[in-house]
Structure formats: C-alpha cells, structure tokens
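First the proteins, then the strands, lettered A, B, ... as listed; each starts at 1.
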Protein chains: 4
Amino acid sequence: MARLRSPEKRRAILEAAVVEIADAGLGAATAKIAARAGVAEGTLFTYFANKDELLNELYVELKLEVYERLNTAFPHSASLERRAWHVWSSSLNWSIEFPQKRKVSLLLNLSAVVTPESRARLAEQRSVMDAMLAELGSREPLRGLPAGYAASLMASVQEATMDFIAKGVRQRKALVERGFALFWRAVR
Amino acid sequence: MARLRSPEKRRAILEAAVVEIADAGLGAATAKIAARAGVAEGTLFTYFANKDELLNELYVELKLEVYERLNTAFPHSASLERRAWHVWSSSLNWSIEFPQKRKVSLLLNLSAVVTPESRARLAEQRSVMDAMLAELGSREPLRGLPAGYAASLMASVQEATMDFIAKGVRQRKALVERGFALFWRAVR
Amino acid sequence: MARLRSPEKRRAILEAAVVEIADAGLGAATAKIAARAGVAEGTLFTYFANKDELLNELYVELKLEVYERLNTAFPHSASLERRAWHVWSSSLNWSIEFPQKRKVSLLLNLSAVVTPESRARLAEQRSVMDAMLAELGSREPLRGLPAGYAASLMASVQEATMDFIAKGVRQRKALVERGFALFWRAVR
Amino acid sequence: MARLRSPEKRRAILEAAVVEIADAGLGAATAKIAARAGVAEGTLFTYFANKDELLNELYVELKLEVYERLNTAFPHSASLERRAWHVWSSSLNWSIEFPQKRKVSLLLNLSAVVTPESRARLAEQRSVMDAMLAELGSREPLRGLPAGYAASLMASVQEATMDFIAKGVRQRKALVERGFALFWRAVR
DNA sequence: GATGAATGAGGTTTCATTCAT
DNA sequence: TATGAATGAAACCTCATTCAT
C-alpha cells in the first residue's frame, strides 16, 4: 500500500488536497483532488488507503511543516521573550505564506477525522516549542492555569492576527510585531 | 385554516441541526437532522428552502443568541473594563453552556455557505458590543491596528479559554476570570 | 367530491393547468397549478380526485371547446368543400388563438393518462365533424383507406400550418387558406 | 489502461431510454433506464453528464438514424417525385420499424430540453433532404409559403399515416404508397 | 368547503472505493 | 503500478396526496 513508488505523486496529491479542501471543505471529492494532482482517481488510493488516511496524513504533514520551520534556527539559549518571538513569528509567517494550508489545518482540527495516533506522531517535533511554552506557563500570569493554556493562547492570538492579514491588510510585518507585543503584554 | 407552521418545529429542526453538525460537520445529512427533530424528511424543506438556507438561518440564530445575552443588562455607564468583562463573560458563558452551538458557529464561520446578507442581518444586535470594542481599540495598546482587531483578539482569547473548558477542566469560573485578566493585561 | 361549489374555481384550475403544462410538460406540479389558479394546494383535490383526473378533465374540456366552435354555425347543407373548410378554419383558428391549449392537447394525446372513457365522452360532439370526414373518406382519393384517415390527415396538415403560425409568421389568414387549399388538392 | 468506455454500453443506455420514455414519457426515471440497460444507476452518468444531456444525445441519435437511411441510396438525379418518394418512404419506414423511437422523437421535439445546439448538429445530414424540400417548396402549389412548410407538411402527413400503421393496420405497404399519393396530389 | 403543513416515496446526482485492463 | 469505468449507497430535494384546523 504505502509503497510510495513516487514521492512526487504523493506530494502532488497532498498539495492538490490542500487547494480543493480550502475551496470546498473536507467534503472535497477525491476525484477532484486526483484530477488536480494530475493522477488517476484510482491512483490516489494506492498512496492512501482511504480518504480518512489521506486527511490524517495531510494533517500531520501540515503540522510538521510548521514545526520544522520553528525548529530551524531555534535560539535555544536566548531569553524567553526571544524564544517566544521565534515561535510566534515563524509559525505566523507560515500561515501568511500558505493561507490555504492554514485553513485546511483548522478544518482538520475541528473535524473528527484526525485520530489521536496522528496527533501523537507530532510529539517529537513539538518538543522544542512545548518546552518554551511550559516555561512561559510557569510564570506568574499563567501560573495555576492548565498545561497547554499558553500554547492555546498563543495560537489563538495568532488566529486573530492572521484574520486581518488574510483580509489583505497591508502592514503585515508590523501586524506580526504588534500582535506579539500584545501577547507578550498579557503573559510576560 | 390549515395547521400553522409551528415555531416549535422550526426550533426543533435548528436544534437537531446543531447536534448533527457538531457530530458530523456541515456534511450532516438533512435526513438525519429531520429524524432527530422528529419530523419527516420533506418537512424540513417547508421550513427552510434548502440546506444552505437552513445553515444560514442557523448561523444567524446562534449569533443572535449570543448577542441577546450580551445586550441583556449591559452596563452602559460602567467603566470600560467592566463593560469588557460583561461582553467577555456573557459570551464565554454561552460557549460553556452550549459547546455544540459554539462548534457549529465556528464551522459555519469557516465555510463558504454563510452569505454576506446573513452577516449583515446581525449588524443591529452587534452594535452595543462593537461600540465597546471600538473604544477599546482606540486606546494605546491597540492604536493604529485595524478596526475589528480588538474584537478578533477577544474572540480568539476566548477560544483558547473555551478549549480548556470544553476539555472538561473543573475550575470554569476561575478560568473565565483568569482568561479575562490575561486579555485585559494585553489591552488595558 | 365533484360537488363543484364554485365553477369559477374549477375553471381557474383548468386554465392554470394549461399555462403550467404548456411551460413545463405534464410533469407540471399540482402545487404550481393551484398557486396560479389562486387556490390552496389542497383545494385542487376537492375539484379533481387526483392529478390524472384533472388531466383527463382538461383533455375533454379542450376538445369540447374545439368541437363547440366547430358545431356552431355548421353549414349542414353546403357543399362538402364548404363544410370541410368550416371544420378546417374553425379548429385551426382555435389553435391560433390558444397556442398553449393546443400544445397541452398534443401532450395529453401523446401521453398514456387519457383514458378511453375520456375519449368516449367526446363522441357526441364529434358527430358533426365525423360525418363530414366520413363523406370525405368515401370519395375517390381516400377510398379504401382506414376510417379516420381523413380526420388524421386534416389534423396533421393543420399541425404543419400551425407550426408556422406559432413561429410568428405574419400572413395568418393567408396561411389558413393556403393550407386548406393544399389539403383540398389532396383529397378532393 | 483501465477499461475503456464501451460504445455498446452507451448504445444500451440509449436504447433502454427509448423503451422507458416511450412507456412513461420524458419523466422516465434514470434508474429505470439504467436497470433496463443492465448497468448501475451511477454508470449512466459516466456516459451522460446528466439527464438533459442524455435526452439531447438521444434526440440527435434518433434523427441521425433517419437521415442516414434517407441519405443512403438517395437518387440524386431522379425526378423530383422520385426523390420525394425516397424521402417519404425511407423515413416513414423507419417510423414503422421503430414506433417507440418515433414516439420518443416526437416527445423530445415538443419538450424544451432539446437545445438549439443539438438541432444544429443535424444540419449537415439534413442537407440532402432539405434541398429536395426546397425544390418542392418553390413549385406552384407551395410558392409564397414560408420556407420549411414543405418539410413540415410532409412530416405531418407522415404522422397521419403512421398513426394508422401504429394502430396495427395491415396494409402497411399500401398505406405508405397511398399516403404519398395524397401528399403528392397536394404539392405536385 | 378551504387551507396549507405534513408526509415519505421516489427522483436525480455525487462520490468513495473497487477492479478489470 | 497506474488507470478510469463501474458501482450502489446515500445525499439533497420534489411532489402528489392527506388531513388537522
């Protein structure tokens, strides 16, 4: 099954899925995804056992893409604020560059198709970010709040910021910075 | 006179839609919605011309529910913080009480089915909240940011908070307060 | 059932049916017919037991309309040609005046809904025309052909003529006359 | 390579459509057509995008069948009467052989589903017949009548003739000849 | 009698998945 | 392995008819 004769085809399918799902939601037809990927309808099922598996793989790939960026050039020994900024800006810039991927990521997150197994596959790549967020969570303003609250808070403030960038607001770079400033005021 | 179209049945359909969509996404079958509402498949279409209209009506009703709460006992002449707190707590409490409604509201927001007309129908009810948010947006930390950023920011921090409440965390009341405190630190 | 409280309503329904069926074929919805007639959906079924009965009644009414015209001022003692011309012109003029009725009449004729009983109900009114056609059929050019061939032939040449009149050709009166001339050349 | 779309299956669907539509009108269910053709419900839609397209294709195929017959062995240099007879007999014989096809052709003609594009697709095959009819239309009895009247007239007299043949009258060959004789008396 | 909401069978069409080629 | 025709369940929606009011 998962004998990926051609990694390019697998990639083409995943990228086609992003476009189709961003456009039509998770109900996007596998036939359309295949067509956009330039492969036959049946071929899709030699790379992914079924649609759910495709969606799970997609979820993991998208998340990995973000974490990879984030882990690259992570300033391990810098101040907490600089580390927080690194996480903030690298993930937010990904959202800005690939708004469709971000939307698909959101849709998948809200749906029931993503399995705990898929989420678990991300643990290792998340570790760097998680450590930073844990440190953040142990500081005064967040103390006593559930583990993960800091992550959720950062993600959500990014959401708010992204919404405006997606709407086409000009001052992208400024917004990224102002958004972080607000976040940091809250948690510092 | 024949039987009158009954508001209860309309309500039953909308409520059934919430449950089914929270469970299965916007792809939830109209037949299932009708069944859960205790009406025949065809009956659904005497209340809503088609599925899209049902979804739009649902969107509007859900938003109105929140705004109604929020407009009730709004402390018009209180301090900005107290007014912000009123908005925060009343809308967040709605999300806590009706997590399925909140989820459906999110899904509808992300989808392309909600028409500008539907959004426009909410303008009047939003005015009280919008005025408060505009005042907030004009203060130092948010100055210069696009109009609406304050609203988006509040909504997103609520999101983060809700995520934990939805996961079943005990200290609901405390979380609502801590969440607001964080938000307020950011924007005050 | 057939207690026609209001003959006007019955008539309104039949006329609405003509318009709707001319537009949408025999599949025209009873609800639309009722709406156009200005009565409630259910009311239609107090005047006609079901759709098939409505269609049969409609068929009979349309045919009777034509025969009534034809029987009015029929020149019983004139020459065969004058009598043929009377039949020709009176029925063709009806088609010209009411092209929708004509179309519906054709559709009903082709369909399987019209029962032999409905056709039988027209016998009496057809007698005058039938006698003329029988006389025509017994003359040389048609001798030996099946009974009814003359009727069918006349109807069909009228069809051809109507097709052009329906297309909006100007010289209506001339066409009616030229058409008859051709018919008469064939059968005289 | 996957299985190729089979011309036989396409043909089977079109033939099944003829039978079902002759029986039930244009409202004939696609599911029934598919079943009679021996294919799955969905398969019908791999051969025809939707029911309207199926009906349009059917219309074109039926007309082409007639024109093909008519163009075969057409006596281009014979007298006008012989050429008219060729058109008459070849098309009428088709109607006699395939009364269901003829009925379906009539129904399609009366309906609104057949597009101008479909009609246009027939132009080339009609040219031989059209030339003969144009010559006929320029002669004395038809002079001054709209172009196409001759065609319409012939078709309609054929209709009349077919009606009797369809009713099972024995002397088919004789009827075809007598019908033409009548037509020719009218237009010669 | 008149009304129109309610019904559910049945219509067309879509789609994930299989499988012959 | 790659293909895309074939499948049939299931989706949305329509409609003739019934029946409470």
Side-chain angles (χ1 to χ4, degrees), chain A residues 1 3-6 9 24 27-35 38-55, chain B residues 1-6 9-10 24 27-35 37-54, chain C residues 1 3-6 9 24 27-35 38-55, chain D residues 1-6 9-10 24 27-35 37-54:
Chain A
M1 269 318 100
R3 196 78 314 198
L4 333 169
R5 191 55 139 200
S6 148
K9 258 175 209 171
T30 53
K32 278 201 173 177
I33 294 170
V39 301
E41 284 180 56
T43 303
L44 188 150
F45 293 94
T46 68
Y47 285 87
F48 305 95
N50 51 44
K51 192 177 179 182
D52 274 14
E53 188 179 304
L54 164 62
L55 294 178
Chain B
M1 243 341 134
R3 250 165 302 173
L4 296 167
R5 224 178 318 164
S6 94
K9 232 162 244 179
R10 190 189 132 91
T30 54
K32 279 201 177 176
I33 294 171
V39 301
E41 279 180 61
T43 301
L44 188 150
F45 294 97
T46 68
Y47 286 85
F48 305 95
N50 49 49
K51 192 179 177 181
D52 274 14
E53 188 179 303
L54 165 62
Chain C
M1 268 317 99
R3 197 74 316 196
L4 333 168
R5 191 54 140 201
S6 149
K9 257 174 208 170
T30 53
K32 278 201 174 177
I33 294 170
V39 302
E41 282 180 57
T43 303
L44 188 150
F45 293 95
T46 69
Y47 286 86
F48 305 95
N50 51 46
K51 193 180 180 182
D52 274 14
E53 189 180 301
L54 165 62
L55 295 178
Chain D
M1 241 345 132
R3 249 165 304 173
L4 296 167
R5 224 181 315 168
S6 93
K9 235 165 240 179
R10 191 190 130 90
T30 52
K32 280 202 176 175
I33 294 171
V39 301
E41 279 180 61
T43 302
L44 189 150
F45 294 95
T46 68
Y47 285 85
F48 305 95
N50 50 47
K51 192 179 177 180
D52 274 15
E53 189 179 303
L54 165 62

Taking atom C1' of E:dT14 as reference, at what distance in whole Å does atom CD of D:E53 sit?
16 Å
Within the 4.0 Å heavy-atom criterion, would you say B:A34 contacts the bases, only the backbone, or no part of the nucleic acid?
nothing
Distance check needed: F:dC15 P versus C:D52 CG, whole Å only.
16 Å
Between E:dG10 atom P and D:I33 atom CD1, what is the distance in whole Å?
17 Å
Take N1-N3 plus N6-O4 or O6-N4 for Watson-Crick, N1-O2 plus O6-N3 for G-U, both under 3.5 Å. Which runs of 3 or more such pairs involve DNA chain F?
E:2-21 with F:2-21
C:F48 CZ - E:dA2 P separation (whole Å):
12 Å
The nucleotide from E:dT18, F:dC13, F:dA16 with an atom nearest the side chain of A:F45 is E:dT18
In whole angstroms, the gap separating P of F:dT14 from CG of B:N50 amounts to 8 Å
Need one value for D:A35: base, sugar-phosphate or nothing, where a base atom within 4.0 Å counts as base even if backbone is also close, heavy atoms only.
nothing
5'-most by nearest nucleotide on DNA chain F - C:A31 or B:A28:
B:A28
What pair of heavy atoms forms the shortest contact from B:A40 to B:A34, and how long is it?
O-CB, 3.7 Å
B:R5 (side chain) donor-acceptor with B:T46 (main chain) under 3.5 angstrom:
yes
Interface polar pairs with nucleotides 6-8 of chain F, N/O, under 3.5 angstrom:
{"from": "F:dA6", "atom 1": "OP1", "to": "D:K9", "atom 2": "NZ", "distance (Å)": "3.0"}
{"from": "F:dA6", "atom 1": "OP1", "to": "D:Y47", "atom 2": "OH", "distance (Å)": "3.0"}
{"from": "F:dA6", "atom 1": "OP2", "to": "D:Y47", "atom 2": "OH", "distance (Å)": "2.8"}
{"from": "F:dT7", "atom 1": "OP2", "to": "D:A40", "atom 2": "N", "distance (Å)": "3.1"}
{"from": "F:dT7", "atom 1": "OP2", "to": "D:T43", "atom 2": "OG1", "distance (Å)": "2.5"}
{"from": "F:dG8", "atom 1": "N7", "to": "D:G42", "atom 2": "N", "distance (Å)": "3.2"}

Do any N or O atoms from the side chain of D:Y47 and from the backbone of D:L54 form a donor-acceptor pair under 3.5 angstrom?
no
Measure NZ/D:K51 against C1'/F:dT14 and give the value in whole Å, please.
13 Å
Please check: side-chain N/O of B:K51 versus main-chain N/O of B:A28, any donor-acceptor pairing under 3.5 Å?
yes
